[in-house]
Amino acid sequence: MGGERDLYQGYALQAVDKKGRLAIPARLRDALLKNSVDRTLMIGDEVGLPCMVAYDESWSLLLKARLETDHARALDRGEGIARARDALTNFGNVDEVQFDDAGRFILPSFVIDDLGLTNFAFFAGAGDVFHIWNPHRLLANPDVPEGTRKRCAFAMKEKGVAL
């Protein structure tokens with residue numbers, strides 16, 4: 001994959017049906033289509049936040065290179081590294097799903113259960129990745145930036161979802 005990657009920017013509240021089907025918001029989908037090689041979406045745990053992180057499969061290779069660089073720098077500084085933990089977190093604790101041209105996909109049952117999703121999921125761009133949230137957990141989390149909480153609440157209000 002050559003050239004610049006598109007950034008994952010923006011936010012949206014998306015409906016989730018009983019089978020876990022939903023669509024990636026248009027702005028995030030456009031970046032995903034540009035960055036993706038074979039319409040595969042990776043979904044994994046986000047360290048430090050009670051949400052999932054999602055990204056194109058080519059980001060995995062870039063992430064691996066970054067981790068190797070970070071580990072080498074840590075060793076140069078005489079710091080310990082948690083290579084096995086980092087590998088499991090970033091490459092083992094990941095689900096792969098296929099998405100279509102419209103960005104539709106089916107969330108894995110584990111993700112639905114772990115996030116406690118019912119009818120809606122909140123998507124928020126984060127540059128190289130994007131996050132998938134249970135909107136109620138996002139609103140209740142003081143570690144989430146206030147602007148993100150405000151946008152989630154606004155999107156919920158617009159769609160008539162109880163806060």
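When a residue number appears, it is its place in the shown sequence, counting from 1. Computed from a predicted model, the values in this text were never measured in an experiment.
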Report task. Applying side-chain contact (heavy atoms from CB on, under 4.5 Å), run through Gln9 and Phe130 and close with a yes or a no. Result -> CA-CA 8 Å; Gln9 301 180 93; Phe130 58 92; over 6 Å; no
Query raised in the report: Can you find a heavy atom in the side chain of Arg5 that is under 4.5 Å from one in the side chain of Leu62?
Result: yes
Query raised in the report: Is there side-chain contact between Ser60 and Leu63, with heavy atoms separated by less than 4.5 Å?
Result: no
Query raised in the report: Is a side-chain N or O of Thr69 found less than 3.5 angstrom from the main chain of Ala65, in a donor-acceptor match?
Result: yes
Report task. Indicate the atoms forming the closest heavy-atom contact of Val37 with Glu57, along with that distance. Result -> N-OE2, 2.7 Å
Query raised in the report: Do the side chains of Leu163 and Phe154 join up, straight or via other hydrophobic residues, at under 4.5 Å, putting them in one cluster?
Result: no
**Report entry** Pairwise side-chain contact, Ile24 with Phe105, heavy-atom cut-off 4.5 Å (strictly under)
**Finding:** yes
Report summary line: Residues Met42 and Val94: closest non-hydrogen pair is CE-CG1, 3.5 Å
Query raised in the report: Is there a donor-acceptor pair under 3.5 Å between the side chain of Asn134 and the backbone N or O of Leu115?
Result: yes
Requested in this report: Compare every heavy atom of Ile132 with every heavy atom of Ala121, then report the nearest pair and how far apart it is.
Outcome: CB-CG2, 4.1 Å
Report task. Take Leu107 and Ile43 through the test side-chain contact (heavy atoms from CB on, under 4.5 Å) and record every step on the way to the result. Result -> CA-CA 9 Å; Leu107 275 171; Ile43 304 171; 4.0 Å; yes
Query raised in the report: Do the side chain of Gln98 and the main chain of Asp38 share a donor and acceptor less than 3.5 angstrom apart?
Result: yes
Query raised in the report: Less than 4.5 Å apart, any side-chain heavy atom of Trp59 and any of Val129?
Result: yes
Requested in this report: Determine whether Tyr11 and Val144 fall in the same hydrophobic cluster, where Ile, Leu, Val, Met, Phe, Trp and Tyr are linked whenever their side-chain heavy atoms lie under 4.5 Å apart.
Outcome: yes
Report task. Kindly check if the number of other-residue, nucleotide or ligand heavy atoms within 6.0 Å of CZ (Phe91) is above 12? Result -> yes
Query raised in the report: Heavy-atom distance under 4.5 Å between the side chains of Pro135 and Leu13, does that happen here?
Result: yes
Query raised in the report: For the hydrophobic clusters of this structure (ILVMFWY residues joined by side-chain heavy atoms under 4.5 Å, transitively), does one cluster hold both Val111 and Phe120?
Result: no
Query raised in the report: When clusters are formed by joining ILVMFWY residues with side-chain heavy atoms under 4.5 Å apart, either directly or through shared neighbours, do Val53 and Leu117 land in the same one?
Result: no
Query raised in the report: side-chain contact (heavy atoms from CB on, under 4.5 Å) between Val47 and Thr89: does it pass, once the steps are laid out?
Result: CA-CA 8 Å; Val47 178; Thr89 299; 3.4 Å; yes
Requested in this report: List the steps and the verdict of side-chain contact (heavy atoms from CB on, under 4.5 Å) for Asp45 and Met52.
Outcome: CA-CA 5 Å; Asp45 301 332; Met52 291 289 168; 3.7 Å; yes
Report summary line: What one should report as the nearest heavy-atom pair of Arg21 and Ile106 is CG-CG1, 3.5 Å
Report task. Flag the pair Leu32 / Leu41 as yes when at least one side-chain heavy-atom distance between them is below 4.5 Å, and no otherwise. Result -> yes
Query raised in the report: Can you tell me if CZ on Arg149 sees more than 12 non-hydrogen neighbours from other groups inside 6.0 Å?
Result: yes
**Report entry** Gap separating the OG1 atom of Thr148 from the NE2 atom of His131, nearest 0.5 angstrom
**Finding:** 10.0 Å
Query raised in the report: Can you tell me how far the CG atom of Asp114 sits from the SG atom of Cys51, to the nearest 0.5 Å?
Result: 10.0 Å
Query raised in the report: For the side chain of Arg29 and the backbone of Ala102, is there at least one donor-acceptor N/O pair under 3.5 Å apart?
Result: yes
Query raised in the report: Short question: side chain of Lys34, backbone of Glu4 - any donor-acceptor pair under 3.5 Å?
Result: yes
**Report entry** Distance-minimising heavy-atom pair for Met156 and Leu139
**Finding:** SD-CD1, 3.5 Å
**Report entry** Side-chain H-bond candidate by donor/acceptor type, Tyr8 with Asp56, under 3.5 Å
**Finding:** yes
**Report entry** Side-chain (Arg137) to main-chain (Pro50) donor-acceptor, under 3.5 angstrom
**Finding:** no
Query raised in the report: How about Phe99 and Ser36: do any of their side-chain heavy atoms sit closer than 4.5 Å?
Result: yes
Report task. For the residue pair Lys159 and Gln14, establish whether any side-chain heavy-atom pair is separated by less than 4.5 Å. Result -> yes
Report task. Can you see which heavy atom on Cys152 is nearest to which on Leu138, and at what distance? Result -> CB-CD2, 3.6 Å
Query raised in the report: Is it true that Arg66 and Asp128 have a side-chain N and a carboxylate O under 4.0 angstrom from each other?
Result: yes
